[in-house]
Amino acid sequence: MQFDEFLKQVPKLSNLELLGQEAQFLMAPDERIRALSEMDIEAKKPRWAGVMAVFYPNTKGETTLVLILRKTYKGVHSNQVGFPGGKAETFDESIKHTALRETEEEVGLPQSEINVVKKLTKLYIPPSNFWVQPFIGYVEQTPVFTKEDAEVEAILEVPLEEFLADKSVIKQRIDTSYGTMLDVPAFYLSEHVVWGATAMMLSEVKWAFQQIDRL
């Protein structure tokens, strides 16, 4: 999709009623769905994080999504693909500002240039005990990315058409936080397997684009 066409779809996207958790569960293994349904999340007093699904025109004018490959470290999200974003701090005005601030820190997109289109459905991450609040946004010009070397291994630029294609959805055998190897639904994007919480949030993004195509 060319970016000028994407901009025409933004009002529809902004006004779209979301499917919510049902859309997220399209890319979740049964074990995760069952675990979440049985969990008293608020009793765990989770922390909050904000992330951004940011779209922009690439040098060919094609609508593109930025994702990041995280560094390898001692942690539950080591070497995984995710959205730019991070944990909320006490000085953040809102979780939206958390997402904007962390996106600027991780990939160098100025907060002032990101147009926030829609708040998506929050998602609980059991291994790290976080509520993650995703947003959809866009920048109008082709960005020059600057990655935060301490946390980001690589910046991934995913064409929207690649993301929306049926062939981007795969099954992958993963060593999960449940302590077992499972065949999980995943996206294959920019030669990387994207699974877990990021895949679940991407599932709602994909569902939203599928709906506006029908409007």
Side-chain angles (χ1 to χ4, degrees), residues 10 13-14 16 18 20-21 23-25 28 32 35-56 65-141 143-156 176-177 194-205 208:
V10 165
L13 187 61
S14 178
L16 183 68
L18 295 171
Q21 194 176 63
Q24 295 174 344
F25 282 178
R32 183 161 196 159
L36 288 173
S37 67
E38 297 171 351
M39 198 176 294
D40 184 356
I41 296 173
E42 294 306 328
K44 297 179 179 294
K45 298 181 180 179
R47 295 171 292 171
W48 279 85
V51 300
M52 289 291 305
V54 183
F55 293 89
Y56 60 92
L65 169 68
V66 60
L67 296 173
I68 61 171
L69 176 64
R70 297 204 174 275
K71 290 276 190 181
T72 299
Y73 60 93
K74 291 183 179 180
V76 294
H77 304 303
S78 171
N79 199 231
Q80 291 185 11
V81 175
F83 295 106
K87 66 180 180 179
E89 302 290 354
T90 55
F91 52 76
D92 288 327
E93 296 177 21
S94 66
I95 196 64
K96 181 176 79 171
H97 285 93
T98 298
L100 290 167
R101 174 182 57 77
E102 285 282 343
T103 296
E104 179 170 12
E105 289 178 8
E106 292 194 331
V107 299
L109 286 177
Q111 300 177 48
S112 60
E113 294 181 11
I114 301 175
N115 300 279
V116 179
V117 175
K118 194 164 191 66
K119 181 180 181 180
L120 296 171
T121 304
K122 67 181 182 180
L123 178 66
Y124 179 64
I125 316 287
S128 55
N129 193 32
F130 267 96
W131 276 119
V132 176
Q133 178 60 66
F135 296 86
I136 294 179
Y138 69 91
V139 295
E140 296 182 1
Q141 305 297 326
V144 177
F145 292 112
T146 304
K147 70 182 179 72
E148 183 182 31
D149 287 332
E151 295 187 21
V152 180
E153 181 66 31
I155 292 174
L156 310 180
T176 69
S177 61
V194 186
W195 62 286
T198 302
M200 293 171 70
M201 290 183 282
L202 278 171
S203 182
E204 187 173 43
V205 176

*Take atom NZ of K119 as the centre, draw a 6.0 Å sphere, and report whether it contains more than 12 heavy atoms from other residues, nucleotides or ligands.*
no
*asked:* If the condition is ring-ring contact (aromatic ring centres under 6.0 Å, His included), which residues does F130 pass it with, not counting sequence neighbours?
replied: none
_Taking the side chain as everything from C-beta on, heavy atoms only, tell me whether L100 gets closer than 4.5 Å to F135._
no
_Between CD on residue E104 and CD on residue Q111, distance to nearest 0.5 Å_ = 4.5 Å
*Does S203 offer a backbone N or O that forms a donor-acceptor pair with the side chain of Q24 under 3.5 Å?*
no
*asked:* Counting C-beta onward and ignoring hydrogens, is there a side-chain heavy-atom pair between L123 and P134 closer than 4.5 Å?
replied: no
_CG on D149 to CD on E151, rounded to 0.5 Å_ = 11.0 Å
*Any chance you could measure K118, atom NZ, to L18, atom CG, to the nearest 0.5 Å?*
4.5 Å
*Do E105 and T103 come within less than 4.5 Å of each other through their side chains, counting heavy atoms only?*
no
_Smallest separation among heavy atoms of I155 and V66, with atom names_ = CG2-CG2, 3.7 Å
_Would E106 and R70 count as a salt bridge (Lys or Arg N to Asp or Glu O under 4.0 Å) here? Give the steps._
CA-CA 10 Å; E106 292 194 331; R70 297 204 174 275; 3.0 Å; yes
*Side-chain contact, heavy-atom cut-off 4.5 Å: L65 with L202?*
yes
_Value rounded to 0.5 Å, distance of CZ in F83 from CD1 in I136_ = 8.5 Å
*asked:* Would you say CD of E38 has more than 12 non-hydrogen atoms from neighbouring residues, nucleotides or ligands within 6.0 angstrom?
replied: yes
*Do Y124 and V132 come close enough that some side-chain heavy atom pair is under 4.5 Å?*
no
*Just wondering, do E140 and Y138 contact through their side chains at under 4.5 Å, heavy atoms?*
yes
_Side-chain touch E102/V51, heavy atoms, less than 4.5 angstrom_ = no
